[in-house]
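Comments concern the structure below.
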Amino acid sequence: MLDAAAAVFVTSGVEAPVRDIAAKAGVGVGTVYRHFPTRADLVIAVYRHQVDACAEAGPALLAAGPTPHAALERWAGLFVDFLVTKHGLAGAMQADNAGFETLHAYFLDRLLPVCAELLDAAAAAGEIRSDLTAYQLMRGIGNLCIGAEADARYDARRLVALLVAGLRQVR
């Protein structure tokens, strides 16, 4: 259900009708409401689910990738996908400032260590410079993603790829 909701949110935003989410998940509307009594409950669950998926991808990419830098590049791409598909999330959550702050803390708690692990591995391999923190990189990526969903001419993925390539160690 969470993957179905996430897919609908990508195309229609977080205000998409629950019936669309139910149809995508192959369940009835009542089933969605039984699990998620409010839209905020559903949005938060989807957000947490996607944060967890992004967090779990980091170590898997590092283990499977040809190099730590390649793993970092792939993870940055996943992070971009995560960020640019949050249509309306901030607006939907602003009414509940405490809930938004809790969700943002969860985001940082889960993703900062993963990003740091990828940066540390690439730096230890001599592939990238070591003077950038995970917070700085994630903040930079986030800033490059602002407005990307609203302008088809703007390619946040390409700019983030340039940012990550720019971390390469000059020899």
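Numbering starts at 1 and runs along the sequence shown. Basis for what follows: all heavy atoms, side chains included, without hydrogens, waters or symmetry-related copies.
One distance of note links CG of Asp109 with NE2 of His104; it measures 10.0 Å at 0.5 Å rounding. Here the straight-line distance linking atom CG of Leu167 with atom OG of Ser130 works out to 11.0 Å at 0.5 Å rounding. Considering CD1 of Ile44 and NE2 of His49, their distance stands at 15.5 Å, rounded to 0.5 Å. Taken from CG in Leu144 to CG in Leu83, the straight-line distance is 10.5 Å, to the nearest 0.5 Å. Rounding to the nearest 0.5 Å places CD of Gln50 at 8.0 Å from CG of Asp3. Summarising the geometry, atom OG belonging to Ser12 is positioned 6.0 Å from atom CG belonging to Asp20; distances are rounded to the nearest 0.5 Å.
Counting heavy atoms from C-beta on, the side chains of Leu61 and Leu78 come closer than 4.5 Å. Counting heavy atoms from C-beta outward, Phe9 and Tyr47 have side chains that stay 4.5 Å or more apart. In this structure, Trp75 and Leu62 have side chains that are not in contact, with every pair of non-hydrogen atoms separated by 4.5 Å or more.
Across Arg157 and Asp81, no two heavy atoms sit closer than the pair NH2-OD2, 2.9 Å. Across all their heavy atoms, Ile21 and Ala4 have their closest contact at O-CB, 4.1 Å. Listed here is the closest heavy atom pair of Glu117 and Pro59: OE1-CG, 3.9 Å. Looking at every heavy atom in both residues, Val164 comes nearest to Glu73 through CG1-CG, 3.7 Å. Contact record, Met1 with His35: CE-ND1, 3.4 Å, taken as the closest heavy-atom pair. Among all heavy-atom pairs drawn from Leu163 and Gly140, the shortest one is CD2-C, 4.4 Å.
In the hydrophobic cluster analysis, where Ile, Leu, Val, Met, Phe, Trp and Tyr join through side-chain heavy atoms closer than 4.5 angstrom, Val160 is grouped apart from Ile146. Hydrophobic clustering (ILVMFWY, side-chain heavy atoms < 4.5 Å, transitive): Tyr135 and Tyr106 are in one cluster.
Among residues at least two apart or in separate chains, there is no salt bridge (Lys or Arg N to Asp or Glu O under 4.0 Å) pair with a member in residues 57-67. Applying the salt bridge (Lys or Arg N to Asp or Glu O under 4.0 Å) rule to pairs touching residues 23-52 yields Glu15-Arg39, Asp52-Arg110, sequence neighbours excluded.
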key: Test side chain to side chain contact (heavy atoms under 4.5 Å, CB included) applied to Val43 and Thr38, step by step   = CA-CA 9 Å; Val43 170; Thr38 69; over 6 Å; no

request  = For side chain to side chain contact (heavy atoms under 4.5 Å, CB included), just list the numbers for Leu111 and Phe79, CA-CA rounded to whole Å, side-chain angles, deciding distance to a tenth of an Å, and then say yes or no.
outcome  = CA-CA 9 Å; Leu111 297 180; Phe79 187 55; 3.8 Å; yes

key: Verdict with supporting geometry, Val114 and Cys54, side chain to side chain contact (heavy atoms under 4.5 Å, CB included)   = CA-CA 9 Å; Val114 172; Cys54 196; over 6 Å; no

query = Could you walk me through whether Val51 and Leu103 pass the side chain to side chain contact (heavy atoms under 4.5 Å, CB included) check?
reply = CA-CA 10 Å; Val51 166; Leu103 206 51; over 6 Å; no

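Ile128 pairs in a side-chain contact (heavy atoms from CB on, under 4.5 Å) with only one of the listed residues (Leu72, Leu118, Asp120), which is Leu72.
More than 12 non-hydrogen atoms from other residues, nucleotides or ligands lie less than 6.0 angstrom from OH of Tyr154.
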